[in-house]
Amino acid sequence: MANYYDLAELMFPDITKTVDDLENEYPVRQLPEGAQVTRFAPSPTGFLHTGSLFTALVGYKYAKQSGGIYMFRLEDTDTKRTIAGSADDLIVQLANFGIVSDEGYFPEGDKGAYGPYQQSKRRDIYRTVIKHLVQEGKAYADFCTPEDLEKIRAYQEANKILPGYYGEFARDRNLTPDEQIEKIKAGMPYVVRYKSNGDHNRKVAFTDAIRGKIEIQENDVDVVILKGDGLPTYHFAHVVDDHFMRTTVVSRGEEWIPSTPIHLDLFRALGWKPTKYAHLPVIMKLDNGNKRKLSKRKDPEAAVSFFIESGYPAKGLLVYLMNIANSNFEDWTMQSKDYDISHFQFTWNKMSLDGALFDIDKLAYFCREVLGKEHADTILPAATEWAKVYDPKLYAKIEKDPAFLARIINIDKDKPNPRKDYAKYSDIEPITRFFFDEDYAEIKKAGLPFNEKFDNAFIKDFLKKASEEMTYGVDESTWFNSVKELAAKNGFATNNKEYKANPELFKGNVADAAELIRIALTCSKNSPNLHEVIDILGKDRVVDRLLNAID
RNA sequence: GGCCCUGUCGUCAAGCGGUUAAGACACCGCCCUCUCAAGGCGGGUUCCCGGGUUCGAAUCCCGGCAGGGUCACCA
């Protein structure tokens, strides 16, 4: 009569290592007190999801601020869904956000002593552990076909019994080693299942770093741990990997809460100490009055690339996500006037418990704040990189005369309340168009929006005088005094009170006069500080525009 | 359906038995002002509902309800 060891040997003849060997190979890390080991473990199944960036950010931040290790592990066990190239893409995208792992998978090869960091390359680690489980009688070969499983489920559904492969419904869980050996030898395909001894009527409790104590029914399902293709399922890979990689905190989406009992069950069966868990809220979206997870299919903002393509600065998105992650972060930014998240102390208990609706207005606000603090010396290089790919028009302008654009971007930057014109790099081109002669000519064709109370002859005459009498190359108040003088000579009031008292005495107030000049120079009733605009355009161009505004 | 998570302005939220229930975004108004942006000031039926405990409940307890998640050889 065969025993479990014989069975294990038949299933994994090539495995000579033991679990103890693995323990020695991946020793407990020697880290300073309090240092945390976290990981971001995506599947290479597509683009970087906004929710994934959030998860990665939290793990990265938590490890870094504790002086610990942040790892990147590729969970590529679902070969059907794997998309070629997406793993490397994930790495590149994360790097754009400054999230670079200390250890893990890299396109050029793994880094770190706890690898491989790609689950498909850890086959023998999983098989070693499973061999051990089989030897102990804690795992078994299950020969059910999809049709068999379907039958079980149909029966359970018809009888309103909890669905699943457990207890009496786990058809193959009591097969003897001999029976299993016989079927394997007969060439029957099988998966390996964990033989749970959990009780559905009891509860397990664990302490979630964010939510506190969570109590759920114990797992009693004999989950698949090794699939037919020889790769492990998530449940098993998570437990094995995070044990041998010596992860201290597993941060993952809250959709994993219901399966945590499985993981705890597995840890227990293996005699390992479970990791701490932090189940993160999921970013949501309002759809027809209902909240739902950001959807890859329906929501462009589900893809991080959407923000990059749209020209949002990476730092702005990071700040927004940190604002979702920790409720005190925003207060901190206001007090410290700092948007550098590396200076912020992240904590689990300041994390909100329910999924935030993605708020693009708030994102834009943070982006304006972030860009508002920066000068052309940092904005321009980033904008150039962006424009190179997504905005050829802007790119051409920057290439032609970077200094000119730099001056435009720096308008009012050193004032106490700097302008916050740009939320994203794509805002730059439309806002600054009028500075460029070709664009100016183009916009002008559509007509200049002069105030109808002035006739063309008057405007033409006034602008001609302006071109001659305005002072150039002087400070703002000197310049504006010359505008006031000009306005007064042409029948405008020079201050608002005077004008409001007796409007019939004047052609308009000084604002109206300035507006004529503004429109002539910018084609618009709105513009940044006119003095700076004039300064940047230069006298020749200003005079030209003033003289030719009306033709 | 079972189980789990979560319910405070439109959105993000502070709150931990006694508060005029902070703050931020968005919106509206005013101020500043040569326009816009920025900035300043102000505005709005916000504690899911019903019981209970208590002198007193957004806060504690019970029961509902709502939203979300999960029940795969996917993660």
With a cut-off of less than 4.0 Å, is there a side-chain N or O of [X] near OP1 or OP2 of [N]?
| X | N | result |
| --- | --- | --- |
| A:S527 | B:C36 | no |
| A:Y234 | B:A75 | no |
| A:K227 | B:A75 | yes |
| A:T77 | B:A75 | yes |
| A:K420 | B:G39 | yes |

Is_stacked (A:F480, B:C34) at 5.5 Å, 30 deg: yes
Heavy-atom closest contact (A:A549 atom, A:L463 atom, distance):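 Residues A:A549 and A:L463, closest heavy atoms: CB-CD1, 3.7 Å.
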Would you compute the distance between atom CZ of A:R81 and atom CD1 of A:I83 and round it to the nearest 0.5 angstrom? 9.0 Å
Hey, can you tell me if A:F307 and A:Y312 have their rings parallel, tilted or perpendicular (30° and 60° cut-offs)? perpendicular
From the set [options], return the single nucleotide nearest to any side-chain atom of [X].
| X | options | answer |
| --- | --- | --- |
| A:L353 | B:G23, B:C34, B:G7 | B:G7 |
| A:S327 | B:A14, B:G2, B:G69 | B:A14 |
| A:D421 | B:U70, B:G39, B:A37 | B:A37 |
| A:Y365 | B:C25, B:C73, B:G69 | B:C25 |
| A:R211 | B:C25, B:G68, B:U6 | B:U6 |
| A:W256 | B:C34, B:A75, B:A13 | B:A75 |
| A:K362 | B:G39, B:C4, B:C25 | B:C25 |
| A:I216 | B:A14, B:C5, B:C3 | B:C3 |
| A:E75 | B:A26, B:A75, B:A13 | B:A75 |
| A:A356 | B:C4, B:A75, B:C12 | B:C12 |

Do A:E215 and B:C5 have a side chain to base donor-acceptor pair shorter than 3.5 Å? no
Side-chain donor/acceptor of A:R419 to base of B:C36, under 3.5 Å: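 Answer is yes: a donor-acceptor pair is held.
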What integer distance in Å separates A:R292:CZ from B:G67:P?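 One finds 15 Å between P of B:G67 and CZ of A:R292, rounded.
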Given that A:A514 and A:D229 both sit by RNA chain B, which one's nearest nucleotide is further toward the 5' end? A:A514
Closest-nucleotide 5' rank along RNA chain B - winner of A:D142 and A:N328: A:N328
For the [atom1] atom on [X], are there more than 12 heavy atoms of other groups (residues, nucleotides or ligands in this structure) within a distance under 6.0 Å?
| X | atom1 | answer |
| --- | --- | --- |
| A:K138 | NZ | yes |
| A:K453 | NZ | yes |
| A:Y472 | OH | yes |

What is the pairing partner of B:A26, taking Watson-Crick or G-U wobble pairs with both distances under 3.5 Å in any strand?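 Partner of B:A26: none.
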Mind checking who B:C32 pairs with, Watson-Crick or G-U wobble, both distances under 3.5 Å? none
